[in-house]
Amino acid sequence: MEQPVVKTKQPTGLWLLFLTEMWERFSYYAMRGILIFYMIYLLKMGNTQASNIYGTFTSLVYLSTLLGGFLADRYLGQKWATIWGGLMLASGMFVMSVPTESFLYIAMGLIILGNGFFKPNVVAIVGQLYEKNDARRDGGFTIFYMSVNIGAFFGPLMVGHLAEAGNYTAAFGIAGAGMIIGLLTFVLGYKKFLNGKGAAPAEKPVFYKDPALWAIVLAIPMVALYMKGHHTASYISFAVLAAAYYLYNKKVKRVKTQNTAPLTTQEKQQIAVIGILAFFSIFFWAAFEQAGAALNLFAYEYTDRVISLFGHSWEIPANWFQSLNPLYVVIFAPLFSKLWIDLAKKGKEPSTPAKFMISLWLIAAAFGIMLAGAFALVGNAKISLFYLAFTYLFQTFSELCISPVGKSMVTKLAPARYVSLLIGIWYLSNAVANKLAGVYSGYFQKISNEQFFLWLVLVPLAVSGVLMLSMKKIKAWMHGIH
């Protein structure tokens, strides 16, 4: 059978969004790469306390995408949500440059909200560049993902020496400047390259009569409970609020519009697929996000970072290892992008669930390398930096099979009126995973390194087996979307 014609040239607007995201990620990863050191070595927090705060912070960074996605879909549109998010992110970085614990929490709040507005809506605009089954979509999202990693590569490099010298004010100031550049790029290039994309919806609910908005307002104190460590109370409160909102929507009679029309069975099943794959991705990201805490500390404590050349020795800053993963993405993302298109031309491209399964195998292999490194530690000796180098290489391969593919999947399966919100749901899995990653990182140096890394091998393998058994049903509910 003759294969369909496949477009290969990417939309021009992708490159503007590429630059916007690149600078935002420069800003975020510059901050993230030194945050654990900032809390432990400058603010004198304990390892467990700092890891838990780190996990809660990065968790809420992703949780806030629900708010940003919701407000964009119903009121602001993706364009203005992106602009407001950029302004809050830049403000948060500059506030964090004041090295006190009080300003740290204020800055975290601004960054959490800013990311919630910025992150899902830039992704949603990328999705608007393509038709539903456009073969360029996964490749386009992979190219877009390169922007994340170019920024993430240079961010830690730019601030590493400043942080090791204790000059966190300048380090966080550089992060804030990066966000300003990204915001200006988006604003100045929008009309020429993205005009009309991410516009506000034509039909908007009356602001003060919107029950969904009131549900979000009521959720704010529950988030505060979560941040304070009262996790059980916050989970129960969230469950009660969700049940009340569901029952209200079942009872109330609404005027039917395009935005309030009932979901079809197919739409419900496709949304269910987003939720199911988001659930499986939690286990991937909980392992992957050890990079910012446990692997960062492993680099500092147990890795021989001294390089000797021509009689001169130089010690690599520990946070520079954070730049390996984005460097690998920049190198390999174009190859993966081309791979998906080439396989699509032959009718052999793996389905989205299959790519998720492959990613779980690869993340297990990555931590298998760290497990070997843990066994290689003898006495007070440190291990070769190549263990971390190869761990991040396999992490990168696994990431390229799930992260850009997952975002692409959401924009393909989500009903148009819910796309930003469902991207927020997708990031909810990252929120849960980052919290789990922070909690698990708190066990680093409390249990043996061998035990610590062994679980990061076994859990992804077990989860991949469950996904394999669920594959047939998931594909059926995708209704022909690849």
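Sequence positions, counted from 1, serve as the residue numbers for this chain.
Between Phe26 and Phe154, the gap from one ring centroid to the other reaches at least 6.0 Å. Remark: aromatic rings of Phe452 and Phe298 are distant, center separation not under 6.0 Å.
Phe94 is linked by a ring pair (Phe, Tyr, Trp, His ring centres under 6.0 Å) to nothing, counting only residues two or more places apart in sequence or in another chain. When the side-chain contact (heavy atoms from CB on, under 4.5 Å) test is applied to Pro326, the partners found at least two apart in sequence or on another chain are Asn149, Ala152, Phe153.
Under the 30°/60° scheme for interplanar angles, the aromatic rings of Trp314 and His161 are found to be tilted. Between Phe279 and Phe283, the ring planes lie perpendicular to each other; the angle is over 60°, past the 30° to 60° tilted range. Taking the six-membered ring where tryptophan is involved, the planes of Phe186 and Tyr190 are tilted, since the angle between them lies from 30° to 60°. The aromatic rings of Phe394 and Phe397 sit perpendicular to each other, their planes meeting at more than 60°, with 30° as the lower class boundary.
In terms of heavy-atom proximity, Phe118 sits nearest to Gly86 at CD1-N, 3.8 Å. Listed here is the closest heavy atom pair of Pro460 and Ala364: CB-CB, 4.2 Å.
A cation-pi arrangement, defined by a distance under 6.0 Å to the six-membered ring centre and an angle within 45 degrees of its axis, is absent between Arg32 and Tyr29.
Distance check: Asn325 CG to Glu399 CD gives 4.5 Å after rounding to the nearest 0.5 Å.
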